[in-house]
Amino acid sequence: MNRGSLIEEVKRLKQERNAIILGHNYMDMDVQLVADFTGDSYDLALRAMETKADVIVFAGVRFMAEQAKALNYDREVLSPDLNAGCTIADALDRETLREYRERYPRAPVVLYVNSNVDVKAMADYIVTSSTAVKVVKKIPSDVVIFGPDYNLATYVERMTGKRIIKVPPNGKCIVHGNYVPGYVKDARARYPGAKVMIHPEAPLNVIDLADFVGSTNQMIEFARNSEAREFIVGTEIGMINALKLKVPGKEFYPLTTEPIARCPFMAMITLEKVYRSLRDSIYRVEMPRSMAEAVKEAFERTRKLLGD
Ligand code: 13P
Ligand code: SF4
């Protein structure tokens, strides 16, 4: 089927099945064009929780689809490709987290949403890149266990002044975790005057060179409200699609065009697979109800703390 027919078929199937497509800001342009909502991890989790649609197709990596299922258990949640993992999520298992819990029994466990669902079910609080600093500031404890992203943990440590026990000590994003200060220096030389936006999954020595640090939705807001016309995008390269759609009339340049700028897991989610997913109800995201309830409880506790 050609691209135009695929797009038409996806739209028809959405209506027929009372389905919605939630797409992460990093998706290919075609996937963003058929999505009902695109956004960052926090925004999409809220959309998933609120929807009354019968079917949710989650165009993003697996932990995001799992989060949607945990928050809205009675819907059919589909992941176009269950192999779409995440190096941060895969860095932490239940056994390791249990050991940290035993070693620091009084420290609350704060998990980044980029965690596999069985591990996330052990969290006291669940945060995203847009909420992590705010949440840790509000938690009534000066010491917290935080994982699995090491860089986000160090950023939270700096911004809150609290003691952050990092679990594991080496969880990294395959994209942001490989950023180096030279990328920012080269990009500034290529595009003088452009504002540099960096995701908090990047190392602190890269963050130090940014004009703005935030989640993908926060980058959209920053670009929209800034007087600047040009921006260097220090996050996964698919983000440029979201910025072009949501902030028309401004210019966006990649921080680097090296292959590491594209997340291989996000890239697994193609228009063709979204179509197959809707057509054949594949792949259903499943988990025990008790696991989903534990995740939802931690997420709700976090929202309450935020006053959301
Ligand atoms: P946000 O969209 O929440 O900023 O997350 C980025 C990310 O790396 C998701 O994989
Ligand atoms: Fe995980 Fe990084 Fe890919 Fe996001 S971009 S899914 S954090 S590996």
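Both ligands and their constituent atoms are indexed starting at 1 by order of listing.
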2.8 Å cut-off met by an N, O or S atom of C173 to atom 2 (Fe) of ligand 2: yes
Heavy-atom nearest neighbour in the protein, as seen from atom 3 (Fe) of ligand 2, with distance rounded to 0.1 Å: C263 SG, 2.4 Å
Any M159 side-chain heavy atom under 4.5 Å of V136 side chain: no
Heavy atom of the protein closest to atom 3 (O) of ligand 1 (residue, atom name, distance): S41 OG, 2.8 Å
D43 with R47: basic N within carboxylate O range, under 4.0 Å: yes
Close N or O approach (H176, ligand 1; < 3.5 Å): no
Sub-4.0 Å heavy-atom approach of M219 to ligand 1: no
Residue part near ligand 2, for N114, under 4.0 Å between non-hydrogen atoms: side chain
Neighbour count above 12 (heavy atom, 6.0 Å) for K195 NZ: no
Distance from atom 10 (O) of ligand 1 to nearest protein heavy atom, with residue and atom: M266 CE, 3.6 Å
Contact with ligand 1 for Q218, non-hydrogen, under 4.0 angstrom: no
Check: D40 N/O within less than 3.5 Å of ligand 1 N/O: no
Y42 side chain to D308 side chain, donor-acceptor N/O pair below 3.5 angstrom: yes
Closest protein heavy atom (residue, atom, distance) for atom 9 (C) of ligand 1: M64 CE, 3.5 Å
Salt-bridge present (E251, R229; N to O < 4.0 Å): no
Interfacing atoms of ligand 2 (cut-off 4.0 Å, heavy-atom, I174): 8 (S)
Closest protein heavy atom to atom 1 (Fe) of ligand 2, given as residue, atom name and distance to 0.1 Å: C86 SG, 2.4 Å
